[in-house]
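Taking it in order: structure first as C-alpha cells, then the write-up.
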Amino acid sequence: MEKVRVRFAPSPTGPLHIGGARSALFNYLFAKKLGGQFILRIEDTDLERSSCASEKNILDSLRWLGIEWDEGPDVGGPYAPYRQTERLESYQSYVNRMMKTGHCYYCFCSEEELEQERQELMAKGELPRYLGKCRSLTPEEQARLRALGRQPVVRFRVPPGQTVVVDDLVRGQVLFESDGIGDFVVVKSDSIPTYNFAVVIDDLTMGITHIIRAEEHLSNTPRQILVYQALGAPLPQFAHISLILGKDRSKMSKRHGATSVMQYREMGYLPEALVNFLALLGWAPEGEQEIFSLEELIQEFSLDRVAKNPAVFDMDKLHWINGHYIRHTPVERLTQLGTPYLQKAGYLPQTLTTAEEDLACRIFRVLQSYLTCLSQVVDYAPLFFADTVDQSPEAQEVLAEAQVPAVVDLLTRKLNEAPELTPEVVKGILKSITKELKLGGRQVFLPVRAAVTGQVHGPELHDIIPIIGRERVFSRLARFGG
RNA sequence: GGCCCGUUGGUCAAGUGGUCUAAGACACCGGCCUUUCACGCCGGUAACAGGGGUUCGAAUCCCCUACGGGUCACCA
C-alpha cells in the first residue's frame, strides 16, 4: 500500500486556532497510526494578512501540544520548500499547462466591473458569480487590454453540465453541479496563485494521500477536484471533519472567549489535557475510556469514528479533563509550570531561592486536587502569602462562638512552643487542643480554619499551617485571642 | 437566496434494521468518605427534532417539513 502522507496547511494570518489544532491533531494521529508522514505547510499566499509572528505562533503552538511534523518550513524535507510563497515557480508550469490545454484563460475584468456584475445578478435574484465575459477573448483583444495597462488574472474554465463527486471518508459521496460554480481565479493579478489552485499543486507535488481538514473547505473541494482533473492527476482521499461550535452553536470565534491554543496555555491548561479534549470533539473511541495520552490516541484513532455533526466546545469538560491531568501529574512538573503564575502576580520573585522553590512545591502539592487550571493558583495565593485575611460571612459566624478565644490562645501557645512546624506536629497540636479543652473536633478545627484562612473550607489545616508559617499564622490569629 | 452538511439527554457522544423499556463521560442532584471543602467512590434526573412512508420490526433505510451550521472573494 502507498505510504500515507497527510498535511496540516494553515495560513499564518493569526494565532493557531483551537479548530486548526484539532485538524492538525487528527492529521497527526491518522499519519502516526498508519506509520505515515505528517507534513506542515504554510499557506501564505495572502501577502496582506500573513505574518512571521503568526507562523511562529502556529509552530510553537503545535510543538507545545506535542504534535511534531516530519517535514515542514523549519525542519525541511524532501519536498522543500514548505512555504507557498517560496514555491511560486512550481505553480507557473502548471498554469502554463492548463493555459495550453484551454483549461485556463486570462480575465481582464476590473474589480469595479465584477462588483457591478455581482450587483446586477443579485438584483435579478440570481446567484452572484462570474459569467465568463473574458472566456473567449482573441489574442488581439488581450493585447489591446494589456496595452491599456490592465493586469489580468488567470481563471479556470469550469466545464458546464458536470457533476463533481467528492468522495469523502467521513461524509460519503457529496455531489456538486459544476454549473453552480463560476470560473474561479487561479492566479491573482499580482501573479500569486489563489488558495484553490495552490493547495492542489502542493498536495499533488508533495504526494499527499489524504486531505483531512475542516468542513468549511467541503464546498471548495469540487473546484479543487476540477483542477486535478484538468491536470489529469489522481485524486487524494478527502475527509472533512465538522466544525467546532461555540456555546451559541455558531462557528467558534473570538466572541466565544479564548480561541487560540496559546490562550489556553496561558490560562494554565496542560497540553495533554487540551489534546485529549480536542480528540474527543468529533471523534469517539471504541470503548468507554475518556482519558487518553497522545500515544493511546494514536493507537485508537480511526477516521471512521469521526462524527459528521459539529461539536459544541464544552468548557466544563475541558476543565474536568484538565483537573484530571493536574491531579495526575508529578508535583515537580506542576510546580514548574505553575510557579510563573505566582511570580507574575508578585507573590514570588523572578528568581527563586531554594527555600522559595520548596515553598512553591509545597503549595502545589496542597492545591493539586483543587485546581482545574494552573492560573487558579493565584486565587489561592493570599491563603499562603497574606499577613491578614478577610473573613467570609460564614467564617465570621464561626468565630463568634464562645470557645474561640480559648482555642486560639491555646493554639498560639502550642505553636510557639513547638520547635518546628511540620504537618505531624500541627496535627498533634490540634488534636491535643480538643482533648485539653474537651471540645469536639468541629469546635476546634472550624474556628482555627476560619481564623487562619478566613474561610470555612479548604485544604487540611495541618498541611497549610506549616506552609503559611508561624509569623503569618500568629498575625492572623491575633485578633481572635482572649 | 442558491448549493452543501448536519439534527440521540443542557454538553460531548455510543448506537450502522430486532440484544434499545437507548451505553459511557461532563454538568446537575443525592449519598458515602472527611474536622471542612476539594479529590475519590456509589446512586439518580435527563434524549432518538416533527410528519409521512418502506418493513413482521426503525434511533438506524427513503421522502417532506422545521431548525442549526457551512459556503458562495484577485481570503485561506
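Sequence lines set the chain letters: A, B, ... in the order given, protein chains first and strands last, and positions in each chain run from 1. Heavy-atom basis, side chains included; hydrogens, waters and symmetry copies ignored.
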Query raised in the report: In this structure, which one of A/E71, A/R7, A/R41 forms a side-chain hydrogen bond (donor to acceptor under 3.5 Å, both in side chains) with A/Y82?
Result: A/E71

Query raised in the report: Between A/W283 and A/F301, does the ring centre distance come in under 6.0 Å?
Result: yes

Query raised in the report: Nearest of B/rU71, B/rU35, B/rA14 to any side-chain atom of A/A284?
Result: B/rA14

Report task. Provide the distance between the two C1' atoms, one in B/rA22 and one in B/rC48, to the nearest whole Å. Result -> 8 Å

Report task. Could you check whether A/L175 gets within reach of a base, just the sugar-phosphate, or nothing at all, counting any heavy atom under 4.0 Å? Result -> sugar-phosphate

Report task. Could you tell me which non-hydrogen atom of A/F277 sits nearest to which non-hydrogen atom of A/F313, and how far apart they are? Result -> CE2-CE1, 3.3 Å

Query raised in the report: What's the closest nucleotide to the A/R49 side chain, out of B/rC75, B/rG24, B/rA27?
Result: B/rC75

Query raised in the report: Using the C1' atom in both, what is the distance from B/rA49 to B/rG68, to the nearest Å?
Result: 11 Å

Requested in this report: Identify whether any heavy atom of A/V456 sits under 4.0 Å from a base atom; if not, whether one sits that close to sugar-phosphate; answer base, sugar-phosphate or nothing.
Outcome: base

Query raised in the report: Watson-Crick or G-U wobble partner for B/rA46, using a 3.5 Å limit on both distances?
Result: none

Requested in this report: May I ask you to say what A/Q368 touches in the nucleic acid, namely base, sugar-phosphate or nothing, with a heavy-atom cut-off under 4.0 Å?
Outcome: nothing

Requested in this report: Can you tell me the distance, in whole Å, between the CH2 atom of A/W320 and the C1' atom of B/rG24?
Outcome: 11 Å

Query raised in the report: Could you state the CD1-C1' distance from A/I433 to B/rU35, rounded to the nearest angstrom?
Result: 13 Å

**Report entry** Under-3.5 Å donor-acceptor pair between A/D44 side chain and B/rA76 base
**Finding:** no

Query raised in the report: Between the side-chain atoms of A/S219 and the base atoms of B/rC72, is any donor-acceptor pair under 3.5 Å?
Result: no

Query raised in the report: Looking at the side chain of A/V174, which of B/rG6, B/rC5, B/rA73 is the nearest nucleotide?
Result: B/rC5

Report task. Could you tell me the separation between the CG atom of A/D314 and the C1' atom of B/rU11, rounded to a whole number of Å? Result -> 4 Å

Query - Distance, rounded to the nearest Å, where A/F313 contributes CZ and B/rG10 contributes P - result: 21 Å

**Report entry** Test of ring centre spacing under 6.0 Å for A/H319 and A/Y269
**Finding:** yes

**Report entry** Pairwise 5' ranking along RNA chain B for A/P459 and A/L318, keeping only the more 5' one
**Finding:** A/L318

Query raised in the report: Touch check for A/K247, heavy atoms < 4.0 angstrom, all strands: base, sugar-phosphate only, or nothing?
Result: nothing

Report task. Scan A/S242 against the nucleic acid and name what it touches under 4.0 Å (heavy atoms): base, sugar-phosphate only, or nothing. Result -> nothing

Query - Pairing of A/E55 and A/R83 as salt bridge, 4.0 angstrom limit - result: yes

Query - Rounded distance (Å) that lies between atom C1' of B/rC3 and atom CG of A/N220 - result: 13 Å

Query raised in the report: From B/rU11, B/rG6, B/rA76, pick the nucleotide closest to the side chain of A/H217?
Result: B/rA76

Query raised in the report: Which nucleotide, B/rU71, B/rA76, B/rG6, lies nearest any side-chain atom of A/Y195?
Result: B/rA76

Query raised in the report: Using atom C1' of each nucleotide, how far apart are B/rC75 and B/rC29 to the nearest Å?
Result: 49 Å

Query raised in the report: Given B/rC74, is OP1 or OP2 found less than 4.0 Å from the side-chain N or O atoms of A/R155?
Result: yes

Query - Aromatic A/Y106 / basic A/R146 pairing, under 6.0 angstrom, 45° off normal - result: yes

Query raised in the report: Do A/Y195 and A/N220 meet the criterion of a side-chain donor-acceptor pair at a distance under 3.5 Å?
Result: no

Report summary line: Taking a pair to mean Watson-Crick or G-U wobble geometry with both distances below 3.5 Å, B/rU7 pairs with B/rA66

Requested in this report: Tell me what A/V153 touches on the nucleic acid: a base, only sugar-phosphate, or nothing, going by heavy atoms under 4.0 Å.
Outcome: base

Requested in this report: Write down the distance between CG (A/N276) and P (B/rC26), rounded to a whole number of angstrom.
Outcome: 13 Å

Report summary line: The nucleotide from B/rC75, B/rA14, B/rG6 with an atom nearest the side chain of A/D46 is B/rC75

Query raised in the report: Nearest of B/rC72, B/rA76, B/rU36 to any side-chain atom of A/R223?
Result: B/rC72

Query - Pairwise side-chain contact, A/L226 with A/F156, heavy-atom cut-off 4.5 Å (strictly under) - result: yes

Report task. Could you give the distance separating B/rC20 and B/rG9 at their C1' atoms, to the nearest angstrom? Result -> 15 Å

Requested in this report: Output yes when A/E113 and A/R150 qualify as a salt bridge under the 4.0 Å nitrogen-oxygen rule, no when they do not.
Outcome: yes

Query - side-chain N/O A/R449 vs B/rA38 OP1/OP2, d < 4.0 Å - result: no

Report task. Using only side-chain N and O atoms of A/R327, determine if any of them is under 4.0 Å from OP1 or OP2 of B/rG40. Result -> yes

Query raised in the report: Does B/rA76 have OP1 or OP2 sitting under 4.0 Å from an N or O in the side chain of A/R213?
Result: no

Report task. Output the single nucleotide from B/rA13, B/rU36, B/rA76 whose closest atom is nearest the side chain of A/H457. Result -> B/rU36

Query raised in the report: Do A/S11 side-chain and B/rA76 base share a donor-acceptor contact under 3.5 Å?
Result: no

Query - B/rU55 and B/rC62, which share atom name C1', separated by this distance in whole Å - result: 12 Å

Query raised in the report: When we call it a touch if two heavy atoms are under 4.0 Å apart, what does A/G282 touch: a base, just sugar-phosphate, or nothing?
Result: sugar-phosphate

Query raised in the report: Base, sugar-phosphate alone, or nothing: which one does A/E290 contact when heavy atoms must sit under 4.0 Å apart?
Result: base

Query raised in the report: What is the distance, rounded to the nearest whole Å, between atom CD of A/Q84 and atom P of B/rC75?
Result: 13 Å

Query - Whole-Å P distance, B/rU7 and B/rG43 - result: 32 Å

Report task. Sticking with atom P, work out how far B/rG10 lies from B/rG50, rounded to a whole angstrom. Result -> 13 Å

Report task. Please determine, for the side chain of A/S369, which listed nucleotide (B/rC4, B/rG15, B/rA38) has the closest atom? Result -> B/rA38

Query raised in the report: Going by atom types alone, do A/Q391 and A/Q396 pair a side-chain donor with an acceptor below 3.5 Å?
Result: no

Query - Nearest-nucleotide comparison on RNA chain B, the residue closer to the 5′ end among A/F445 and A/F176 - result: A/F176

Query raised in the report: Which nucleotide in the set B/rC12, B/rU7, B/rC37 lies at the smallest distance from any side-chain heavy atom of A/N309?
Result: B/rU7

Query raised in the report: Using atom C1' of each nucleotide, how far apart are B/rA23 and B/rU16 to the nearest Å?
Result: 16 Å

**Report entry** A/K188 side chain near B/rA76 phosphate (N/O to OP1/OP2, under 4.0 Å)
**Finding:** yes

Query raised in the report: Considering every strand shown, what is the Watson-Crick or G-U wobble mate of B/rA23 when both distances are under 3.5 Å?
Result: none

Query raised in the report: Now, which nucleotide makes the Watson-Crick or G-U wobble pair with B/rU71, with each of the two distances under 3.5 Å?
Result: B/rG2

**Report entry** Opposite nucleotide pairing with B/rC61, Watson-Crick or G-U, both atom distances under 3.5 Å
**Finding:** B/rG53

Query raised in the report: Tell me: CG of A/D248 to C1' of B/rU11, nearest whole Å?
Result: 14 Å

**Report entry** Counterpart base for B/rG40, defined by Watson-Crick or G-U wobble contacts under 3.5 Å
**Finding:** B/rC32

